[in-house]
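What follows is a single structure, written as structure tokens, with notes after it.
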Number of protein chains: 2
Amino acid sequence: MKRLSPLSLADLRSQAQVFKALGHPARLQMVQAVADGEQCVCELTELVGLDMSTISKHLSVLTAAGVLVSEKRANKVFYRLRTPCVTKVFSCLHDVQSAPDAESSARCR
Amino acid sequence: MKRLSPLSLADLRSQAQVFKALGHPARLQMVQAVADGEQCVCELTELVGLDMSTISKHLSVLTAAGVLVSEKRANKVFYRLRTPCVTKVFSCLHDVQSAPDAESSARCR
DNA sequence: TTGCTACTTGGCTAAATAGCCAAACAGCAA
DNA sequence: TTGCTGTTTGGCTATTTAGCCAAGTAGCAA
């Protein structure tokens, strides 16, 4: 297994910030939706089913963490992934959860 | 890019739980340390520099999320990754952060 | 048994977060 | 200009979280 180099405190913080941003069901759902292509706030609001102001705040958390970027066109704001890398995390995460229990090492895509 | 299948609400919650568990600098540091091999609570306490009771609580968050497992030997408790998949997340995460800004798609390991 | 080390749990306070509503703001059209 | 749509921001409350200290538990050794 690749050895991890120790992270500086600043790196630790900013990486944690990304995980933290992804660590909420509504935000995760939005990131997943956006992975299929950019979405405007109103679409995401309908998808998630929370108040638009709440959605907007979640989106700013994701943007601050560097997960999403936004672009305004006409009177709509579209959000998309800043980098598609994020989606790779998801498939791995699925494995983390479904891992039987111990050294199921090999199965990790 | 691989299309993501929509997650059920339960999946969303439990995946978010994993991210949330990783979304704290102290916890991230511990997971990274443990990725190099199991560590006991006292070692992690020294590494992170918080009260042992705080460390213990962080470890239980990571265990509840399915990131770590523990084993008691003699009077020490050792923690290790439940699956090494987790480490893959880190290298991707680094890319998320260092991505110049937009469709730097190709560079994603 | 006592005592020591390693760890967890309970209890508490301070701080951060999530949610809503209401108000402000921006772009476009009349 | 006014008005409409889409979005963000401010303000508030309820809930959750992080941290410490103190107390409790577990294993081992004398």
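Here is the naming used below: chain letters follow the sequence lines, and residue numbers restart at 1 for every chain.
The CD-P distance, from B:Glu38 to C:dC7, rounds to 12 Å in whole Å. If you measure from atom CD of B:Glu71 to atom P of C:dC7, you get 13 Å, rounded to the nearest angstrom. A straight line from CG of B:Leu59 to C1' of C:dA6 spans 13 Å, rounded to a whole angstrom. At whole-Å resolution of the value, NZ in B:Lys76 and P in C:dA6 are 6 Å apart. Between B:Asn75 atom CG and D:dG27 atom P there is a gap of 10 Å when expressed in whole angstrom units. In this structure, A:Asp51 atom CG and D:dC12 atom C1' are separated by 14 Å, rounded to whole Å. Atom pair B:Met52:CE and D:dA23:C1' shows a separation of 15 Å (rounding to whole Å applied). In this structure, B:Gln17 atom CD and D:dT16 atom C1' are separated by 14 Å, rounded to whole Å.
Across D:dG6, C:dC7, C:dA16, the shortest atom-to-atom separation from the side chain of B:Val41 is found for C:dC7. Taking only side-chain atoms of B:Lys72, from C-beta outward, the nucleotide of D:dC21, D:dA26, D:dG10 with the closest atom is D:dA26. With distances taken from any side-chain atom of A:Arg27 to the nucleotides D:dG6, D:dA18, C:dA18, the minimum falls on C:dA18. Proximity note for A:Leu50 (side chain, C-beta onward) versus C:dC20, D:dG27, C:dT8: the nearest is C:dC20. Of the candidates C:dC20, C:dT8, C:dC28, the closest approach to any side-chain atom of B:Ser56 belongs to C:dT8.
Look at A:His24 and you'll find a side-chain N or O under 4.0 angstrom from OP1 or OP2 of C:dG19. The phosphate of C:dT17 has OP1 or OP2 within less than 4.0 Å of a side-chain N or O from A:Lys20. Under 4.0 angstrom from either OP1 or OP2 of C:dA6 there lies no side-chain N or O belonging to B:Tyr79. The phosphate of D:dG6 has neither OP1 nor OP2 within less than 4.0 Å of any side-chain N or O from A:Arg73. Here B:Thr54 does not reach the OP1 or OP2 of D:dA18: none of its side-chain N or O atoms lies under 4.0 Å away.
The aromatic rings of B:Phe19 and A:Phe19 sit parallel to each other, their planes meeting at less than 30°, with 60° as the upper class boundary.
A:Leu81 and A:Phe78 fall into different hydrophobic clusters, defined by Ile, Leu, Val, Met, Phe, Trp and Tyr side-chain heavy atoms under 4.5 Å apart, directly or through other members.
Residue whose closest nucleotide on DNA chain C sits further toward the 5' end, between B:Phe78 and A:Gly23: B:Phe78. Along DNA chain D, the nucleotide nearest B:His58 and the nucleotide nearest A:Lys57 are compared for position; the residue whose nucleotide lies closer to the 5' end is A:Lys57.
A side chain to side chain contact (heavy atoms under 4.5 Å, CB included) with B:Val48 holds for exactly one of B:Leu50, B:Asp51, B:Thr45; it is B:Leu50.
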